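One structure below.
Everything quoted here is computed from the prediction, not taken from an experiment. Index from 1, following the sequence.
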Amino acid sequence: MGRQLQLRAATPEDRDWIHELRHRVYARELGQHAPHPAGRLTDGLDGDNVYLVAARGEDRVGFVSVTPPWVGRFGLDKYLTRDELPVLDEPDAFEVRILTVEPGERSSAVAPLLMYAALRWIASRGGRHVVAMGRTEVLGLYLAAGLRPVGRTVRSGAVTFEVLTGGVGELTRRALDRHRATVERLRSAVDWRLDVPFAPGPDGCEHGGASFTAVGTDFRTLHRRRQIVAADVLDAWFPPAPGVRAALTDDPGWLARTSPPTGAEGLVAEIAATRGLPETTLAVGAGSSDLIFRAFGQWLTPDSRVLLMDPGYGEYAHVTERVIGCRVDRLRLRRADGWRIDPQRLAATVATGRYDLVVVVNPNNPTGLHAPAAELGAVIAAAPARTRWWIDEAYLGYVDEAESLAPLAATDPRVVVCTSLSKAYALSGVRAAYLVAEPDTAQRLRRWTPPWQVSLPAQRAAVEALRDPAYYGERRRRTQVLRRRLALELAELGESVIVEEGVANFLNVTLPADGPSAAQLVAECRRHDVYLRDLSPLSALYEGRTLRIAVKDTADNARVVAACQAALDVLLPPVPRPAVLAAGCAR
């Protein structure tokens, strides 16, 4: 009992023990199944589900099974129809099954550890719902974790199970709040070998940016920035315009010590002139996240209903679900449709009139797809008057400003357009953004804006950036060339590797179903100081296999491709050579 617990994903070598333990417990001990002469118990999901295993040294002591939604079927399907348990039809519902522990370990921390591990694995794959069958004799274990009975029991052989469900966010909060002491003890006592962090980030929102952790967030080792390829965040690969650099280096001491214009009046005037908008329609912020938190905090309550795209930028789910507590629905985009937002599906969903707010990121992050302004504008025009639209155009600078819905937002009280100057203008570090809304809406948001919200360096940099459209137009065209070349080189990683390019300064790579997870590839690439973004926590639609890569310059893109190839060489088992080939070589 004193040996350290280890938690890992099952290996092929674990399968015989899993089947043998299942037979001992569910056939011999509990009488759920008839004993089998081979002393092994399997079922039809064994080839598709995921087993997590707890071990002490060489001794395996327990396991739990997780069935992800992309398998297309669950163990519960044998007992209940989808009409009886509709959550099974949700594309982000995962089933936890067959929590099994060796008899000598049933009073130890093994069972809680396995349940927590299953929760973290599900969260890492974009899961939002958990369904489970809890044996009635140990139901308290499931209830303590926060799972709720749905009022249905299942009888299998001599065993009775209670059907339970829970939200991943709620279960995670319960684990980290009510059971914090237990979780912390496990963190220090367990050799955690899953491809997911032991605990979520402190604010519960998954961001990129691990590359800056490698550089050093205390700024003592900034020389590391020259060794790191930070392709996990979508900062521009190019420097800001020459005028911006000159503004930031001209008397930096004055920039640092001087209070900026209180309401960023000069910046507002420059945006208005550049975009052809009335100043009364504008509100500025320290990046788009500042505007999102400020506006949503004013408009939404826990009673509000919000529609998000899935996959979509994770900040919106974080603010609406976790910070405000809204009721959130998702319009699921489809890989088969190229992740395109179908205007007819969107229009039909919104036409129900149930939504207070619809969020559309256009071009979308993380899919990289852009919906034409005319197409999206037609959907908005036909939508109910009570529904507000938030259009996030952070990446529109990589497409065409003529595609902006800002002119519509300036006159339609239902529409707000948010634009970051971070990405296409290479200003992520100074934090500047603006939104466009009809004058009354813009005025109310300005009223809730603190004075000096945008720093003086940010105001100066943003003004100079807006004055040099020629420079940024050339950088946009160069980004397209670099993106295309990177996509072609990544496609050479293997026939089963899928590269999706999009229109912005990033692309997505999906690994084969029988290959490593995105998290494993990301971790392996970090050994080469190359940082990529695992998209799995954003959406279960990615099946744990898709990563996002920011476009960098030629040299860094080459390092990305080389790191991915080296990682796959490590993670993929060698392909057996055909016997005829081996014989031919020996001749």
Side-chain angles (χ1 to χ4, degrees), residues 9-10 15 18-19 21-22 25-26 32-33 41-54 62-101 111-136 138-139 141-157 159-172 174-175 194 196 332 513 517 536-537 539-545:
R15 293 292 174 138
I18 289 170
H19 297 153
L21 178 59
R22 285 177 65 180
V25 172
Y26 297 101
Q32 181 185 357
H33 301 279
L41 187 60
T42 64
D43 69 22
L45 284 169
D46 275 345
D48 297 309
N49 57 11
V50 174
Y51 285 110
L52 308 180
V53 171
F63 71 86
V64 67
S65 167
V66 180
T67 305
W70 51 84
V71 171
R73 57 202 175 97
F74 295 108
L76 271 165
D77 287 329
K78 294 184 292 187
Y79 309 105
L80 298 174
T81 68
R82 299 298 173 94
D83 289 338
E84 292 172 311
L85 194 61
V87 70
L88 294 178
D89 274 329
E90 294 292 333
D92 47 23
F94 288 66
E95 184 181 37
V96 176
R97 307 172 61 224
I98 332 174
L99 176 63
T100 311
V101 177
L113 172 64
L114 287 166
M115 291 188 70
Y116 180 75
L119 176 63
R120 292 297 298 133
W121 192 91
I122 290 167
S124 76
R125 266 64 178 178
R128 296 187 178 94
H129 304 281
V130 175
V131 293
M133 291 169 56
R135 189 158 55 89
T136 54
V138 292
L139 191 59
L141 179 67
Y142 294 85
L143 298 178
L147 289 163
R148 302 179 306 275
V150 301
R152 292 188 174 274
T153 58
V154 168
R155 184 78 176 176
S156 179
V159 182
T160 302
F161 296 91
E162 190 83 31
V163 180
L164 308 107
T165 64
V168 170
E170 176 189 342
L171 293 170
T172 300
R174 186 183 183 94
L194 294 185
V196 52
R332 316 287 179 180
S517 68
S536 307
S539 175
L541 298 175
Y542 283 130
E543 301 182 9
R545 299 187 289 119

Item checked: Those residues that, when tested against Thr100, pass side chain to side chain donor-acceptor pair (under 3.5 Å) (two or more places apart) -> Tyr26
Notebook entry, point to check: Among all residues two or more places apart in sequence or in another chain, which pass the side chain to side chain donor-acceptor pair (under 3.5 Å) test with Arg82?
Noted result: Asp77, Asp89
Next item on the list: Would you list the pairs meeting salt bridge (Lys or Arg N to Asp or Glu O under 4.0 Å) in which at least one residue belongs to residues 123-133, sequence neighbours left out?
Entry: Asp92-Arg128, Arg125-Asp195, Arg128-Asp310
Set of side-chain contact (heavy atoms from CB on, under 4.5 Å) partners for [X], sequence neighbours left out:
{"X": "Leu143", "answer": "Leu139, Pro149, Leu164"}
{"X": "Thr136", "answer": "Thr160"}
{"X": "Leu171", "answer": "Leu119, Val130, Leu147"}
{"X": "Ala117", "answer": "Leu7, Leu52, Trp192, Leu194"}

What residues, two or more places apart in sequence or in another chain, satisfy salt bridge (charged side-chain N to carboxylate O under 4.0 Å, His left out) together with [X]?
{"X": "Arg15", "answer": "none"}
{"X": "Arg22", "answer": "Asp43, Asp46"}
{"X": "Asp83", "answer": "none"}
{"X": "Glu543", "answer": "Arg545"}

Note to self: Donor-acceptor check, side chain of Arg152 to backbone of Val154, threshold 3.5 angstrom: yes or no?
What the structure shows: no
Check: Does the side chain of Thr153 pick up a donor-acceptor pair with the side chain of Glu162 at under 3.5 Å?
Finding: no
Notebook entry, point to check: If you measure from CZ on Arg135 to CD on Gln32, what distance do you get to the nearest 0.5 Å?
Noted result: 9.0 Å
Margin query: Any carboxylate oxygen within less than 4.0 angstrom of a Lys/Arg side-chain nitrogen, looking at Glu90 and Arg332?
Written below: yes
Next item on the list: Mind jotting down which residue pairs meet the ring pair (Phe, Tyr, Trp, His ring centres under 6.0 Å) criterion with at least one end in residues 63-101? Sequence neighbours excluded, please.
Entry: Trp17-Phe63, Tyr51-Phe63, Trp70-Phe94
